[in-house]
2 protein chains.
Amino acid sequence: MKNIQSYIENTFSFSPLEIEKILKCFTLKSFQKKEYFLREGQYCKNVGFVEKGNFIYYQIINGEEKICDFAFENDWVSHYKSLLGNIPSEINIKALENSELYLLNIDKMEELSQTLPKVNLIRSTLAEQYFTKSTQRATNLINLDAKNRYQALLKEIPFIHQRVPQYYIASYLGIKPQSLSRIRSEK
Amino acid sequence: MKNIQSYIENTFSFSPLEIEKILKCFTLKSFQKKEYFLREGQYCKNVGFVEKGNFIYYQIINGEEKICDFAFENDWVSHYKSLLGNIPSEINIKALENSELYLLNIDKMEELSQTLPKVNLIRSTLAEQYFTKSTQRATNLINLDAKNRYQALLKEIPFIHQRVPQYYIASYLGIKPQSLSRIRSEK
DNA sequence: GTTTTTCATTCACATAGGTGAACAAAGGAA
DNA sequence: TTCCTTTGTTCACCTATGTGAATGAAAAAC
């Protein structure tokens, strides 16, 4: 069974018929390694469900790629602010591996929630997930030192070293690659 | 005219009739200085519009009050995660001054958006505002040093020193009161 | 395969911010 | 007013993380 189907079945309580109806609105799209889901300046018109692979979110600040999020299988991919506000994206979202997304167009989502109001659940879950992630990140940055942020990340995403280069991990943690190296050698 | 009325008129394009209908769903509540809008462990059932006064959001971490947000006139007050997810709040929201909120119950909001779908605009604006604030905070914590975070905050809320004790400002910036003092004397 | 580029490690040194103490200033309560 | 509590400042010293360079390892390109 597809990840997206079991995700929707397990996360919400939709009937088989509803699930079919929902799934019909998604389209499957493959992304090559390094291909973009969204680039700075573009309008984000879709939410994507990661069926396979992974993506990073980043901004270019002072010429450096600053990683602000990761998405793996069963995560949603989208730029909330651009999607909701209908404004150009400030961030880039790029596949790190060959990946597959189930895409749902924002207009189609609106349409779908007209005929199936329960779909708003998906929408608010998405919002909540994004919001929770970003506040948690700010909280960690304030309250934990780099070593503890690293350990918290490992706990949350144990396989991250297998799938993301270390300098991206360092960037996400808000430290330099050398510092992450030092932290790892201290353990 | 009430702040809430001009806010809604200026931010969205509702007809006078719609505005009247919307405003009827809000109730005005006064808060004494130090009175709570929401305490850790409670379920957040309202969004509040700050008509007058101000509020801080904080968590207790290692026995310390860690400020994670401020709300002044024309800001919304709510704990998004608790409100949407129907889970106990992890944070406290407290009036710093004698304040007034226009409260809208979440169930009433649902009801209202049935009869007046445009109300969803308010809702998504709220979500977007919260989301934007928290990602911006994380971005600042990663990319700016304490001095620049302080200057960014002053630019965003120029009157903050008149209305919030300095040690709360330091906490929000993720530094100690002594450090903020040092930064201020360097300028 | 070989070469080139990218990524990770280590080191010596620099710097921002934390720590704890002492003190001053401001504000509330009486 | 006076006293007491809260808030802000300054200082000397400490620690975590940044910086830049050198080196090695791994991956990609040829």
Side-chain angles (χ1 to χ4, degrees), chain A residues 32-35 53-54 56 58 60-67 70 94-98 137-154 157 159-187, chain B residues 32-35 53-54 56 58 60-67 70 94-98 137-154 157 159-187:
Chain A
Q32 290 290 107
K33 193 172 172 170
K34 297 190 184 171
E35 193 178 339
N54 70 355
I56 50 167
Y58 71 90
I60 303 287
I61 296 183
N62 304 328
E64 279 179 277
E65 284 186 357
K66 300 280 190 163
I67 311 301
F70 304 108
K94 173 170 93 169
L96 281 189
E97 305 167 349
N98 294 333
R137 182 153 183 249
T139 303
N140 285 349
L141 287 166
I142 289 274
N143 294 300
L144 304 179
D145 63 13
K147 184 171 186 170
N148 284 301
R149 293 203 298 279
Y150 176 55
Q151 288 170 346
L153 180 62
L154 285 185
I157 313 180
F159 51 82
I160 195 159
H161 271 291
Q162 281 76 62
R163 305 189 56 187
V164 177
Q166 193 165 309
Y167 66 105
Y168 282 155
I169 299 176
S171 172
Y172 178 79
L173 294 171
I175 58 178
K176 299 290 156 183
Q178 297 97 311
S179 299
L180 181 51
S181 231
R182 171 163 47 200
I183 286 167
R184 279 160 56 79
S185 72
E186 280 168 14
K187 284 219 302 187
Chain B
Q32 292 288 107
K33 195 172 169 170
K34 297 192 184 168
E35 192 178 339
N54 70 355
I56 51 167
Y58 70 91
I60 302 287
I61 296 183
N62 304 328
E64 279 179 276
E65 283 186 359
K66 299 279 190 163
I67 310 302
F70 304 107
K94 172 171 92 169
L96 281 190
E97 305 167 349
N98 295 332
R137 182 154 184 246
T139 303
N140 284 349
L141 286 166
I142 290 274
N143 295 300
L144 304 179
D145 64 12
K147 184 171 188 170
N148 284 301
R149 293 202 298 279
Y150 175 56
Q151 287 170 347
L153 180 63
L154 285 186
I157 313 179
F159 51 80
I160 194 158
H161 272 290
Q162 280 75 63
R163 305 191 53 190
V164 177
Q166 193 165 311
Y167 65 103
Y168 282 154
I169 299 175
S171 172
Y172 177 80
L173 294 171
I175 58 178
K176 299 291 156 182
Q178 297 97 311
S179 300
L180 181 51
S181 232
R182 171 161 48 196
I183 287 166
R184 279 161 56 78
S185 71
E186 279 167 14
K187 284 218 301 188

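Chain letters run A, B, ... following the sequence lines, proteins first and then strands; every chain starts at 1.
Between the C1' atom of dA16(C) and the CG atom of L141(B) lies a distance of 15 Å, rounded to the nearest Å. Here the P atom of nucleotide dA16(C) and the CD1 atom of I175(B) are 13 Å apart, to the nearest Å. The separation between I183(A) atom CD1 and dA8(C) atom C1' is 14 Å, rounded to whole Å. To the nearest angstrom, P of dT9(C) lies 14 Å from OH of Y167(A). Whole-Å rounding puts the L144(B) CG to dG17(C) P distance at 11 Å. Distance CG (N143(A)) to C1' (dG18(C)): 15 Å, rounded to an integer number of Å. Distance, L180(B) CG to dG17(C) C1': 12 Å, rounded to whole Å. Taking atom CZ of residue R149(B) and atom C1' of nucleotide dG17(C), one finds them 10 Å apart after rounding to whole Å.
No side-chain heavy atom of R163(A) sits under 4.5 Å from any side-chain heavy atom of I157(A). Side chains of K66(B) and T139(A) form no contact here, defined as non-hydrogen atoms less than 4.5 Å apart. Taking the side chain as every heavy atom from C-beta outward, S181(B) and Q166(B) approach each other to under 4.5 Å. With a 4.5 Å cut-off on side-chain heavy atoms, I175(A) and I183(A) count as touching. Put simply, the side chain of R182(B) reaches to within 4.5 Å of the side chain of E186(B), judged on heavy atoms. At least one side-chain heavy atom of Y168(B) sits less than 4.5 Å from a side-chain heavy atom of E65(B).
Judged by distance alone, with hydrogens and angles left aside, Q178(B) brings no side-chain donor or acceptor close enough to the base of dG18(C) to form a pair under 3.5 Å.
With the nearest nucleotide of DNA chain C identified for both V164(A) and D145(B), V164(A) has the one nearer the 5' end.
Contact check, K176(B) against dT19(C): a side-chain N or O comes under 4.0 Å of OP1 or OP2.
Looking only at distances, a side-chain donor or acceptor of N98(A) sits under 3.5 Å from a matching main-chain atom of K33(A).
Within the 4.0 angstrom heavy-atom criterion, only backbone atoms of the sugar-phosphate kind lie near P165(B); the bases stay farther away.
With a cutoff of under 4.0 Å to any heavy atom of chain A, the contacted region of DNA chain D is bounded 5' to 3' by dT17(D) to dA28(D).
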